[in-house]
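Accompanying notes for the structure given below.
Counting convention: from 1, in listed order, for ligands and their atoms alike. Values in this document were obtained by computation on a predicted structure and should not be read as measured data.
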Amino acid sequence: MAEILVLVDHVEGAVRKPTLELLTIARRLGEPSAVWCGPGSDGAVETLGMYGAGKVYVVDAPEINEYLVAPKADALAQIAETAAPAAVLITSSWEGKEIAARLSVRLGAGVLTDAVDVEAGPDGPVATQSVFGASWVTTSRVMHGVPLITVKPNAATPEPAPATPAVEQVSVKFSETPGARITGRTPRESTGRVELTEAAVVVAGGRGVGSAEGFRVLERLADKLGAAVGATRGATDLQYYPHEYQIGQTGKTVSPQLYIASGISGAIQHRAGMQTAKTIVAVNKDPNAPIFEMADFGIVGDLHKVLPQLIEEIDKRSG
Ligand code: FAD
């Protein structure tokens with residue numbers, strides 16, 4: 001079976017969940033091989049094998065940490081040229097999409113971005129994309145060169161398929177113009193909460209929350225549920241909550257088991273980022289708010305009265 005290259009997304013040596021999703025998808029298409037760029041691969045090989053990687057290519061060169069995306073594109077291009085994979089899968093982050101674009105130029109290959117699913121087809125992988133604010137679903141395949149596909153987080157549930165990967169150290173000939181150089185790093189302050197795109201429960205707030213202070217009650221509820229906090233663009237534009245937590249067409253895509261929408265009207269651009277949530281609970285004081293059309297459970301009321309009661313009830317039940 002043909003190799004499918006999966007670029008590993010990792011933080012300080014830990015493989016991020018979207019990579020495990022890509023390995024799961026890759027197994028539908030062929031034999032997954034992981035591509036690890038940077039230091040710290042030793043502790044991750046077992047995890048990558050657990051999700052079916054038969055091979056791990058390791059590119060541990062200083063260029064990877066010294067520059068932004070270009071060296072990773074160089075590394076992937078070189079590996080793809082020798083391995084001749086049937087597809088390359090990359091997480092659909094800003095970085096992932098830029099790597100895919102550069103790789104596309106380097107390999108002269110077609111690229112599909114923001115896939116929400118990928119299946120094997122008779123003529124190569126078929127990517128499903130949700131377009132025009134999720135009002136259309138398209139299926140496409142790459143017609144030229146090795147298919148390069150960036151896949152949105154939560155497109156698949158990671159399924160283990162234990163393998164013992166062979167590890168191959170790769171020495172890459174980097175391009176002479178490696179692009180933007182990293183001159184410093186400032187670690188983001190941790191909220192202690194689970195990453196938004198990976199969360200099983202998301203508590204999201206909109207303009208109806210009313211203020212930045214108003215988001216505290218959402219955070220309290222999220223902490224009771226082990227959830228992540230998200231927001232609409234309406235709320236982030238008013239600086240009620242930071243932009244990095246925006247969910248929707250121009251924000252992040254989430255696909256949790258439970259989505260609690262508070263003070264959110266349900267605009268199509270917001271739905272685009274959360275409509276695949278398994279169970280949607282909406283709290284809105286307007287009984288005609290469009291969010292109720294898609295909610296599994298709706299509560300008509302003031303979120304500042306409803307959410308504290310919810311927290312109280314959780315406290316009672318958790319003893
Ligand atoms: P509103 O639509 O103002 O809704 C607020 C809701 O809160 C109302 O339904 C109201 O009844 C309710 N409410 C008020 N007070 C309370 C209370 N005390 N208790 C309970 N309910 C209350 N939006 C996104 O979210 N994400 C995107 O990625 C995104 N991308 C966009 C891209 C483009 C190109 C464009 C044009 C728009 C985009 N938008 C996006 C904006 C989108 O169109 C909406 O404007 C936005 O989602 C509305 O946010 P909201 O639901 O918080 O606010």
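- Nearest to atom 26 (N) of ligand 1 among the protein's heavy atoms is I247 O, 2.8 Å.
- Remark: ligand 1 atoms within the under-4.0 Å shell around heavy atoms of G248 are 26 (N), 27 (C), 28 (O).
- For atom 24 (C) of ligand 1, the closest non-hydrogen atom of the protein is R233 N, 3.3 Å.
- Of the protein's heavy atoms, G263 O, 3.4 Å lies nearest to atom 6 (C) of ligand 1.
- Closest to atom 42 (C) of ligand 1 among all protein heavy atoms lies Q269 OE1, 3.5 Å.
- When K252, M274, R207, R271 are ranked by how near their heavy atoms come to atom 48 (C) of ligand 1, first place goes to R207.
- Contact atoms of ligand 1 toward G234: 49 (O) (distance under 4.0 Å to a heavy atom of the residue).
- Between the side chain of N284 and the main chain of V300, no donor-acceptor pair closer than 3.5 Å is present.
- Any N or O atom pair closer than 3.5 Å counts here, and A267 shares no such pair with ligand 1.
- Of the candidates V306, N288, N284, N284 brings a heavy atom nearest to atom 10 (C) of ligand 1.
- Interface atoms of ligand 1 facing D302, defined by a heavy-atom separation under 4.0 Å, are 17 (C), 18 (N), 19 (N).
- When only interatomic distances are considered, the shortest N/O to N/O separation between L303 and ligand 1 falls below 3.5 Å.
- Residue contacts with ligand 1: H304 is placed with no nitrogen or oxygen under 3.5 Å of a nitrogen or oxygen of the ligand (distance criterion only).
- Contact annotation: the side chain of S92 approaches that of K97 to within less than 4.5 Å [non-hydrogen atoms, C-beta and beyond].
- Annotation: ring pair (Phe, Tyr, Trp, His ring centres under 6.0 Å) contacts involving residues 234-262, sequence neighbours excluded, comprise F215-Y241, Y241-Y245.
- Ranking the protein heavy atoms by distance from atom 50 (P) of ligand 1 puts T232 OG1, 3.6 Å first.
- Formation of a donor-acceptor pair under 3.5 Å by the Q129 side chain with backbone atoms of T113 is found in this model.
- Within ligand 1, the atoms closer than 4.0 Å to a non-hydrogen atom of G251 are 28 (O), numbered from 1 in the order shown.
- For E3 and Y57, the side-chain atoms include at least one donor-acceptor pair closer than 3.5 Å.
- For ligand 1, the atoms sitting less than 4.0 Å from at least one non-hydrogen atom of Q249 are 27 (C), 28 (O), numbered in the order shown with element in parentheses.
- Counting heavy atoms from C-beta on, the side chains of D42 and V167 never come closer than 4.5 Å.
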